[in-house]
Amino acid sequence: MTTTRRSLLKTAGAAAGLGVIGMPALAQGAAGKIVIVGAGFGGATTARYLKRANPALDVTVVERDDRYVTCPFSNYVIAGFRKLDDLTHSFDGLRKAGIKVVKGEATAIDTATRSVSLGDGTKHAYDRLVVSPGVDLSFTGVPGYSEAAAEKMPHAWKAGPQTLLLRRQLEAMPDGGTFILCAPANPFRCPPGPYERVSVVAWYLKTSKPKSKILVLDAKDVFSKQGLFQAAWESEFPGMVTWIAGKDGGKVESVDPASMTVKSGFGSETGAVINVIPPQRAGAIAHAAGLVGDNGWCPVDPMTFASTRAANVYVVGDAAVAGAMPKSGSSANTQGKVVAAAIVASLAGRTPGAPALFNICYSLVTPEYGISTTDVYQVSDKGITTTPNAGGVSVRTPTTLNERKLEAEYTVNWYKSITADVWA
Amino acid sequence: MGIRVPAMVLAVWLLPLQVSAQATGPSGQAMAQTCYVCHGPAGKSDGPIASLAGLPRDHIVRQMADFKADRRPGTIMNRIAKGYSDEQIAAIADFIATLK
Ligand SMILES: Cc1cc2nc3c(=O)[nH]c(=O)nc-3n(C[C@H](O)[C@H](O)[C@H](O)COP(=O)(O)OP(=O)(O)OC[C@H]3O[C@@H](n4cnc5c(N)ncnc54)[C@H](O)[C@@H]3O)c2cc1C
């Protein structure tokens with residue numbers, strides 16, 4: 001009996017790697033050891049929903065930091081209406097839910113023997129592994145830029161000291177100075193993020209340093225919620241923001257931190273404060289484990305987010321290639337729930353149900369002016385696609401409902417809800 | 001011997017299961033869990049967005065149908081409700097009605 005069951009589970013495990021799983025419900029809620037790399041939006045959600053679905057599971061999260069600071073709302077720290085402390089979440093909630101949180105750097109994954117190595121030499125064996133390391137910044141992607149240069153020209157694309165540095169620079173900037181933001185090509189973490197940052201920085205400058213200007217040098221020709229953002233820049237901060245598309249020379253050719261200049265097809269521009277958002281790729285551990293494709297991101301089975309490159313491994317969040325889904329905390333959150341259900345089903349030898357995938361990206365233009373883009377996704381042989389005639393952006397022309405004001409309030413409510421869902 | 005037979009039975013088993021999982025779409029629970037990012041974990045919200053936990057099934061179905069048909073104005077629910085079939089809305093409401 002024991003032998004039969006063990007070999008059946010083995011069959012299911014091997015099949016899972018090929019994205020074909022399905023067995024009679026032999027062992028409802030079967031136990032297993034799950035290791036998760038990263039306690040961010042994707043990893044912590046997966047841990048939470050695994051434990052909720054089956055408290056008998058042994059769930060360990062490996063995380064390099066003591067606390068998690070969210071990128072969402074970090075633009076508001078830069079603009080001065082939120083504190084970094086408000087964005088900092090401890091892992092006590094995860095621990096209380098029965099999840100082991102191990103502090104350390106995952107440095108290697110052996111997918112053959114199913115074990116994760118940490119920087120301190122310890123090893124963690126797993127039945128299923130979830131990798132949610134987020135992005136690494138590609139400092140070499142912009143000539144002249146480097147980790148050292150980022151101390152003068154912050155990226156602030158990881159929340160923490162870089163966020164505070166950009167805030168201090170803006171506070172110190174003289175009235176009449178130019179703030180330059182260099183936006184990357186697709187794909188990158190948080191498609192509306194650079195433009196939300198431009199908006200709330202404009203709001204701060206309009207209030208505190210009204211003679212200042214903002215120049216956006218963009219590698220792209222179009223961007224997320226573009227119509228809404230550009231209309232808002234005109235109505236809320238007339239004349240302050242200039243956006244240069246890639247086709248008009250916006251793509252940055254090089255930066256020089258010593259002279260505080262940015263060279264692009266548009267010319268050589270000097271800024272008082274310069275924010276360089278470099279290109280990105282899946283976190284280093286995904287590369288070390290051989291989970292990435294040629295494009296630097298991790299291919300997955302869209303039904304389950306199982307890696308197509310290693311058996312018993314799942315990738316969620318920014319690191320994964322998820323079709324039409326943007327790299328957002330909200331995407332990572334629904335993906336984590338899909339993976340949790342897929343792992344529980346796979347351990348029990350059941351076919352997982354179809355995935356429910358969703359995204360919402362709220363952005364503030366000012367503390368009282370919110371806009372959004374949302375989608376409900378479908379999974380088919382075409383991968384992950386948006387549902388036709390659904391989703392999309394906020395109304396172009398607000399009605400008596402006062403949409404902008406309401407969506408600003410709902411932005412704050414979204415943050416409370418999602419962070420409670422993930423870490424509380 | 002007894003070890004190999006189930007593996008073969010399994011292969012035969014697989015096809016109808018895969019097809020039915022895709023044809024039926026996500027479960028009510030899976031879809032309802034995507035609502036939590038705004039309506040709060042387990043449908044309990046702390047803020048101006050309403051809690052879903054505690055709402056009667058028929059109320060949820062009616063509100064979602066009204067959002068979907070633009071009979072009820074909203075900032076975002078109209079865009080979200082249009083992403084679900086009437087059957088899916090019923091399945092979501094069935095699950096939410098079980099939340100305390
Ligand atoms: C300015 C800005 C604004 C944003 N605003 C929004 C928003 O309003 N809404 C939204 O939905 N999204 C927003 N995002 C995007 C969001 O932050 C990301 O999409 C989200 O964090 C992705 O989750 P993840 O789990 O993939 O990665 P992360 O949240 O980055 O988590 C990865 C975790 O893994 C850890 N880690 C990585 N490698 C290792 C390793 N080898 N060993 C141990 N630990 C490791 C990291 O320390 C980190 O804690 C924004 C991003 C930015 C930059």
Side-chain angles (χ1 to χ4, degrees), chain A residues 3-4 7-8 11-12 15 20-24 48-49 303 329-330 333-334 337-338 341 350-360 362 370 372-380 386-387 389-395 399 401 403 406-407 409-410 412-414 416-418 420-422 424, chain B residues 1-52 68 72-85 88 91-92:
Chain A
T3 325
T4 312
S7 48
L8 276 170
T11 312
V20 197
I21 49 180
M23 279 180 65
R48 257 343 218 321
Y49 278 76
M303 286 294 284
S330 184
N333 175 267
T334 55
K337 293 170 188 177
V338 166
R350 280 188 279 113
T351 307
L357 293 167
F358 171 82
N359 178 64
I360 166 66
Y362 277 115
S372 62
T373 181
T374 186
D375 275 297
V376 179
Y377 298 92
Q378 294 182 337
V379 183
S380 68
T386 57
T387 305
N389 306 315
V393 298
S394 309
V395 279
T399 69
L401 196 61
E403 283 88 346
L406 283 177
E407 289 210 274
E409 289 168 20
Y410 297 153
V412 175
N413 201 153
W414 165 84
K416 260 194 190 170
S417 291
I418 193 171
D421 194 37
V422 181
Chain B
M1 255 348 245
I3 300 167
R4 257 171 253 131
V5 177
M8 279 161 59
V9 171
L10 229 139
V12 183
W13 249 86
L14 283 177
L15 287 164
L17 267 179
Q18 277 293 101
V19 171
S20 73
Q22 281 176 16
T24 53
S27 68
Q29 176 174 11
M31 291 183 284
Q33 283 176 348
T34 70
C35 317
Y36 299 173
V37 292
C38 293
H39 287 281
K44 287 189 198 66
S45 168
D46 173 20
I49 300 179
S51 284
L52 295 178
K68 195 173 159 182
R72 177 174 168 184
T75 56
I76 200 161
M77 280 311 296
N78 309 71
R79 288 177 269 157
I80 293 174
K82 289 181 176 76
Y84 299 99
S85 68
Q88 288 178 322
I92 293 170

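These figures come from a predicted structure and were not determined experimentally. Numbers restart at 1 for each chain; the letters A, B, ... are given by sequence-line order, proteins then strands.
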Point to revise | Top of B/C38, B/G40, B/P73 for chain A proximity - count of heavy-atom pairs under 4.5 angstrom | key: B/C38
Review point. So do the side chains of B/P48 and A/Y410 get within less than 4.5 Å of each other, counting heavy atoms only?
Key: yes
Check your understanding: Is chain B contacted by the side chain of A/T387, its backbone, both, or neither, given a heavy-atom distance below 4.5 Å?
Key -> side chain
Check your understanding: Tell me, side chain or backbone of A/N389 under 4.5 Å from chain B's heavy atoms, or both, or neither?
Key -> backbone
Practice item. Report the residue from A/I360, A/N359, A/T334 that forms a side chain to side chain contact (heavy atoms under 4.5 Å, CB included) with B/V37. Key: A/I360
Check your understanding: Which region of A/Y49, side chain (C-beta onward) or backbone (N, CA, C, O), has a non-hydrogen atom less than 4.5 Å from a non-hydrogen atom of chain B, or is it both or neither?
Key -> side chain
**Study point:** Segment of A/A341 engaging chain B (4.5 angstrom heavy-atom cut-off)
**Key:** neither
Review point. Going by heavy atoms in the side chains, are A/V376 and B/Y84 under 4.5 Å from each other?
Key: yes
Check your understanding: Given a strict heavy-atom distance threshold of 4.5 Å, which part of A/S394 is in contact with chain B: side chain, backbone, both, or neither?
Key -> both
Review point. Between B/R79 and A/S372, is any side-chain donor less than 3.5 angstrom from a side-chain acceptor?
Key: yes
Check your understanding: To the nearest 0.5 Å, what is the distance between NZ (A/K337) and CD (B/Q33)?
Key -> 6.0 Å
Point to revise | Flag for A/E403-B/T75: side-chain donor and acceptor within less than 3.5 Å | key: no
Revision key, fill the gap. Checked B/H39, B/K44, B/K82 vs chain A; the most non-hydrogen pairs under 4.5 Å come from B/K82
